[in-house]
Amino acid sequence: MRGLRNQHLSCCVNTLLQTLSATWELTDLLEKWESSGVQADGQNVPLQLKRVLSAMRSEAPQHAPHLDFLYSLDRNCIRLFVQHDADEVFLSILNLIQHQMDNRALVLEIQNLYRISVEEHLQCLQCTSDQTQTSFMLSLPLHLKDDHDSLESCMASFFEHQELRGRDCCYCKQCGAKTPSKKGVKLLSLPRILRVHLKRFWNNAGTIRKLDGRVTFPETFDFSEILKEAFSSDFNQNDCRYTLYAVVVHSGYAMFGHYTAYVRHGVNQGWYYADDRHVEQVSWEQVKTAYGGRYRQTAYMLMYRRCSEA
């Protein structure tokens with residue numbers, strides 16, 4: 001693994017590059033892209049991403065060059081000298097890939113790496129009519145609560161039915177009025193790469209605060225064992241086992257913090273800690289220090305790979 005120099009407050013992007021470099025499915029798709037005809041390549045984020053990920057795979061001892069990638073982000077309104085949210089930057093990169101790559105088939109394959117298809121239900125509690133629609137997400141966004149101290153409990157809460165009453169009532173066509181209702185989400189399909197977003201930042205009367213609570217997460221888990229009730233009747237995938245391969249870590253406060261990453265090496269399967277240009281091999285016990293707790297580093301994004309793809 002190669003480190004990345006912190007250029008213009010780039011720790012957030014540096015950390016994401018380490019996780020993207022460990023996502024060999026993405027790097028393979030970018031390598032298939034014939035990008036020779038790209039115009040204004042200094043503004044083209046997927047082209048610069050392809051180049052920097054290729055450089056990061058080399059065995060050179062020095063840090064990998066990534067200034068051109070940072071400048072391409074800056075030209076697309078992800079500014080230098082600004083502290084960014086890792087989840088927002090990740091989604092922005094995927095969005096720029098979608099709009100700036102000229103191979104639509106590869107764009108779809110890249111999106112499908114992360115695509116979680118779901119079935120949303122909204123049931124009126126007065127007439128029991130049920131509205132259903134399908135949609136997709138590119139991550140699993142999990143709210144944290146004081147009594148949720150594990151990834152499994154956070155995921156169970158996400159898939160629980162929620163009652164909507166009072167000002168949260170929804171319009172029911174059958175009743176012709178806003179009525180109390182119950183909403184829920186069921187899984188239609190799971191992706192090769194499951195990106196979990198632990199929502200540690202919240203807005204309290206205009207002030208952004210960080211939740212430092214401890215949340216444990218497993219190195220491997222089986223979706224079908226821990227969330228049997230989360231699947232739609234149309235779900236037909238056989239293998240729902242996932243293995244952790246990257247953790248995006250945030251240290252500090254909401255408005256003044258630092259990003260680092262734990263990444264599993266694709267060849268020796270060992271864990272490494274990347275803090276900008278500094279990279280060192282660590283143990284799984286050290287990765288677990290990202291569970292969180294006040295004044296400690298906290299996991300913010302978890303990257304899991306379906307076991308059948310490992």
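Each residue takes its place number in the sequence, starting with 1.
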remark   = For C12 and D85, the nearest pair of non-hydrogen atoms, with its separation, is SG-C, 4.0 Å
Nearest-0.5 Å distance that lies between atom CG in L190 and atom CD in Q237 = 5.5 Å
inquiry  = Applying a strict under-4.5 Å side-chain criterion to I, L, V, M, F, W and Y, I'd like to know whether Y300 and Y273 cluster together.
reply    = no
inquiry  = Do I78 and L47 sit in one hydrophobic cluster, given that two such residues count as connected whenever their side-chain heavy atoms are within less than 4.5 Å of each other, even indirectly?
reply    = yes
request  = Mark yes or no for whether R165, through its side chain, and T179, through its backbone, hold a donor-acceptor pair below 3.5 Å.
outcome  = no
Cluster overlap F158 with L188, hydrophobic side-chain contacts below 4.5 Å = no
task = Look at the side chain of Q83 and the backbone N and O of G257, then say whether any donor-acceptor pair between them is shorter than 3.5 Å.
result = yes
ask   = Distance from S21 atom OG to L16 atom CG, nearest 0.5 Å?
value = 12.5 Å
ask   = Any salt bridge between K50 and D41, counting N to O under 4.0 Å?
value = no
ask   = Linking I/L/V/M/F/W/Y whenever their side-chain heavy atoms sit closer than 4.5 Å, directly or via other members, would M56 and I193 fall into one cluster?
value = yes
inquiry  = To the nearest 0.5 Å, what is the distance between CG on L187 and OG on S232?
reply    = 8.5 Å
ask   = Taking all atoms of both residues into account, what is the closest heavy-atom pair of L164 and C169, and its distance?
value = O-SG, 4.1 Å
Short side-chain to backbone donor-acceptor contact, H121 and K182, under 3.5 Å = no
ask   = T128 and Q123: which non-hydrogen atoms are nearest, and at how many Å?
value = O-NE2, 3.6 Å
task = Identify the two heavy atoms, one from P46 and one from Q100, that lie closest to each other, and give their separation to 0.1 Å.
result = CD-OE1, 3.2 Å
task = Can you spot which of V89, N95, D87, I93 makes a side-chain contact (heavy atoms from CB on, under 4.5 Å) with L91?
result = D87
key: Closest contact, heavy atoms only, N14 versus L4   = ND2-O, 3.3 Å
message = Surrounding CD of E120 (heavy atoms of other residues, nucleotides or ligands, distance under 6.0 Å), is the total greater than 12?
response = yes
remark   = Residues at least two apart in sequence or cross-chain that pass side-chain contact (heavy atoms from CB on, under 4.5 Å) with H265, listed by chain then number, are M1, V267, N268, Y272
query = Does the ring center of F201 lie less than 6.0 Å from the ring center of H250?
reply = yes
key: Heavy-atom donor-acceptor pair, S92 side chain to E88 backbone, under 3.5 Å   = yes
Pair H258-D275, side-chain donor/acceptor within less than 3.5 Å = yes
remark   = Minimal heavy-atom distance between T298 and G292, with the atoms involved, is CG2-CA, 3.6 Å
Single-linkage hydrophobic cluster, 4.5 Å side-chain cutoff, L17 and L80 together = yes
key: Passing option when Y304 is tested against F223, F217, F221, Y245 for ring-ring contact (aromatic ring centres under 6.0 Å, His included)   = F221
query = More than 12 heavy atoms of other residues, nucleotides or ligands under 6.0 Å from NZ of K210: is that the case?
reply = yes
ask   = M301 pairs by side-chain contact (heavy atoms from CB on, under 4.5 Å) with which of L198, T19, V196, V248?
value = V248
query = Ignoring hydrogens and geometry, is there a side-chain-to-backbone donor-acceptor pair from S58 to A55 under 3.5 Å?
reply = yes
inquiry  = Between E25 and R305 (salt bridge meaning N to carboxylate O under 4.0 Å), is one present in this structure?
reply    = yes
note = In this structure, CZ of R51 is separated from CG of L30 (nearest 0.5 Å) by 12.5 Å
query = Taking it one step at a time, do E219 and K288 satisfy salt bridge (charged side-chain N to carboxylate O under 4.0 Å, His left out)?
reply = CA-CA 9 Å; E219 198 168 7; K288 292 195 291 186; over 6 Å; no
ask   = Is a side-chain donor or acceptor of T15 paired with a backbone partner of Y259 at a separation under 3.5 angstrom?
value = yes
Spacing of NE2 belonging to H197 relative to NE2 belonging to H143, to within rounding of 0.5 Å = 9.5 Å
inquiry  = Closer than 3.5 angstrom, by distance alone: can the side chain of R192 be matched with the main-chain N or O of L113 as a donor-acceptor pair?
reply    = no
message = Over 60° means perpendicular and under 30° means parallel, so tell me whether W271 and W284 are parallel, tilted or perpendicular.
response = tilted
task = Kindly indicate whether a cation-pi arrangement holds for R195 with Y114, taking the cut-offs as under 6.0 Å to the six-membered ring centre and within 45° of the axis.
result = no
ask   = Is the side chain of K186 donor-acceptor paired with the backbone N or O of E229 at a distance under 3.5 Å, no angle test?
value = yes
task = Inspect the contact between E109 and R104 and indicate whether a charged nitrogen and a carboxylate oxygen are less than 4.0 angstrom apart.
result = no
request  = Give a yes or no on whether the backbone of Q43 and the side-chain of N76 come within a donor-acceptor separation of less than 3.5 Å.
outcome  = yes
query = Okay, side chain of T289, backbone of Q286: is any donor-acceptor separation there less than 3.5 Å?
reply = yes
